[in-house]
Novice: 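What follows is a structure written as structure tokens; I'll ask about it next.
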Amino acid sequence: MKLRAFAGRLALYVILSLGGLLFVFPFYWMLRTAFMGMDGLFQIPPAFVPKSFELDNFVEALSSNPFGRYFWNSTVVTVLSIAGVVLSSSLCAYSFSRISWTGRDKVFGFILTGLMLPFFVVMIPHFLGWKFLHLTDTLVPLIAPAWFGGGVFNIFLLRQFFLTIPRDMDEAAKMDGAGHFRIYWNIIMPISKQSLIVIGMLTFLANWNDYLAPMVFISSEKNYTLMLGLTLFQGTYSAQWHLMMAATAIIVLPSLIVFLIGQRYFVEGIAMSGVKG
């Protein structure tokens, strides 16, 4: 029995290790390409380790285009979107979980149907609406939606966590004269730190790595985000793959740092939210 248990655990570790290598390999290939010269990218058989590490690729990649401007645009979009998502989604979740009003659960159920609508479905109506307001080719269409609800999934996740908080805390605060906003800001929000960090991390990753929405709404290079800036390395007949991968490696770093720092809160936030309906 012990030998069978050991063999089963060993097989599990082998499978998980192979799966981990499979998912890490694209990241390794990106770094390998970033350190190679253009002449070594298409050699057959391919070299898994560069013969010489071309560190100048990173300098050339960042200096060939105004990546400082693109970095600023992505930072503005990401930071303001995180603030909007955390505030607006938490307010909506508080209303759907802590305040009793007629038709609350039916309205929430109707809102959940929005999870079945991908961005591709509403992309054209969104574009036409922002064009009517003369706000296309600005950062407003990338930021403003975060301040109006913050996303159906975020509302759902926070609502599930708010439902786990005892109602006795609300009643005690009301006896002391606190209103709904005071309860929301001074009681619910501090308790919900882990869930709010989860929402912030997901919003950061979604906005920092977003390519489709900026491509739809942004047309001038001065308003490009980092993801759009990467497309400048690809021309009509050729592409500077080594420079593109060098720039991509630098752009990916903030996402890795945020995830490594916040992964503990991410797991705790998901676990504490539960599936209570």
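For reference, positions follow the sequence shown, starting with 1. Heavy atoms only: backbone and side chains are in, while hydrogens, waters and symmetry mates are out.
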Novice: Give me the other members of the hydrophobic cluster that L22 sits in, counting Ile, Leu, Val, Met, Phe, Trp and Tyr linked by side-chain heavy atoms under 4.5 Å, directly or via other members.
Specialist: none

Novice: Give the minimum heavy-atom separation between A93 and L158, together with the two atoms involved.
Specialist: CB-CB, 3.6 Å

Novice: Can a donor-acceptor pair be found, under 3.5 Å and without considering hydrogens, that links the side chain of S88 to the backbone of G150?
Specialist: yes

Novice: May I have all residue pairs that pass ring-ring contact (aromatic ring centres under 6.0 Å, His included) and include part of residues 103-125, sequence neighbours excluded?
Specialist: F96-F108

Novice: Could you report the tightest heavy-atom contact between A249 and L31, atom names first, then the distance?
Specialist: CB-CD2, 3.9 Å

Novice: Would a distance-only check, ignoring hydrogens and angles, find a side-chain to backbone donor-acceptor pair under 3.5 Å from N223 to L139?
Specialist: no

Novice: Would you find a donor on one side and an acceptor on the other, under 3.5 Å apart, between the side chain of D137 and the backbone of S220?
Specialist: yes

Novice: Return the minimal non-hydrogen interatomic distance between N207 and S81, and the atom names on each side.
Specialist: OD1-OG, 3.4 Å

Novice: Under the rule for side chain to side chain contact (heavy atoms under 4.5 Å, CB included), what residues qualify as partners of S95, not counting sequence neighbours?
Specialist: W101

Novice: Any sub-3.5 Å donor-acceptor pair from W147's side-chain atoms to L80's backbone N or O?
Specialist: yes

Novice: N65: what forms a side chain to side chain contact (heavy atoms under 4.5 Å, CB included) with it, not counting sequence neighbours?
Specialist: F67, Y70, L232, F233

Novice: Backbone N or O of G149 within a donor-acceptor pair of the N154 side chain at under 3.5 Å?
Specialist: no

Novice: Got a sec, which hydrophobics cluster with V79, joining ILVMFWY side chains under 4.5 Å apart, including via others?
Specialist: none

Novice: Hey, can you pull the donor-acceptor pairs under 3.5 Å for the side chains in residues 177-188, sequence neighbours left out?
Specialist:
{"unit_1": "H180", "atom_1": "ND1", "unit_2": "Y94", "atom_2": "OH", "d": "3.0"}
{"unit_1": "Y184", "atom_1": "OH", "unit_2": "S90", "atom_2": "OG", "d": "2.6"}

Novice: Kindly say whether F161 contributes a backbone atom to a donor-acceptor pair with the side chain of S195 at under 3.5 angstrom?
Specialist: no

